[in-house]
Amino acid sequence: MYLEPRPGSAWPSPYLRELKNAVHALLGLDDDTAVIIRQLTSGEVGRRSLETVVAVLPMDGEAHCWTLHRPAEQITENELRATLLPHRPS
């Protein structure tokens, strides 16, 4: 059975998939650890901006979450490395 996206939503962009794979590689995560990447709208009405939230959810252990204050398509590998590595899960 294939799941369809909710009405009005689009399939995840290939860039979000690449970002997820980069998080797995940078943090050396195993296949049982979930990585969730979401773009959220933040700010006041009229001054909205996109931010990207990266969550790492291991099967055993504590979940970790980072927020990058820019759209996912603008996040570079260097920026991802600088954000995640100093605070990576142990």
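Atom CG in Leu19 sits 7.0 Å away from atom OG1 in Thr52 (nearest 0.5 Å). Taking NE2 of His64 as the start and CG of Leu84 as the end, the distance is 10.5 Å to the nearest 0.5 Å.
With contacts defined as side-chain heavy-atom distances shorter than 4.5 Å, the pair Thr33/Leu57 does not qualify.
The side-chain contact (heavy atoms from CB on, under 4.5 Å) test applied to Asp60 returns no partner, not counting sequence neighbours. In terms of the side-chain contact (heavy atoms from CB on, under 4.5 Å) criterion, residue partners of Ala22 (sequence neighbours excluded) are, by chain and number, Leu80. Annotation: side-chain hydrogen bond (donor to acceptor under 3.5 Å, both in side chains) contacts of Asn78 (sequence neighbours excluded): Arg81. Evaluation of the salt bridge (Lys or Arg N to Asp or Glu O under 4.0 Å) rule for Glu79 yields Arg70 as partners, not counting sequence neighbours. Under the rule for a side-chain contact (heavy atoms from CB on, under 4.5 Å), the partners of Thr67 that lie at least two apart in sequence or sit in another chain are Glu51, Val53, His69.
Residues Ala63 and Pro58 come closest through the heavy atom pair CA-CD, 4.1 Å. Listed here is the closest heavy atom pair of Leu85 and Leu26: CD2-O, 3.6 Å. Shortest non-hydrogen contact noted between Lys20 and Val35 is CE-O, 3.3 Å.
Sequence neighbours left out, not one pair with a member in residues 27-37 passes salt bridge (Lys or Arg N to Asp or Glu O under 4.0 Å).
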Could you walk me through whether Leu50 and Leu40 pass the side chain to side chain contact (heavy atoms under 4.5 Å, CB included) test, one step at a time? CA-CA 6 Å; Leu50 282 177; Leu40 304 175; over 6 Å; no
Determine, stepwise, if the pair Glu18 / Glu77 fulfils side chain to side chain contact (heavy atoms under 4.5 Å, CB included). CA-CA 10 Å; Glu18 290 175 26; Glu77 187 173 342; over 6 Å; no
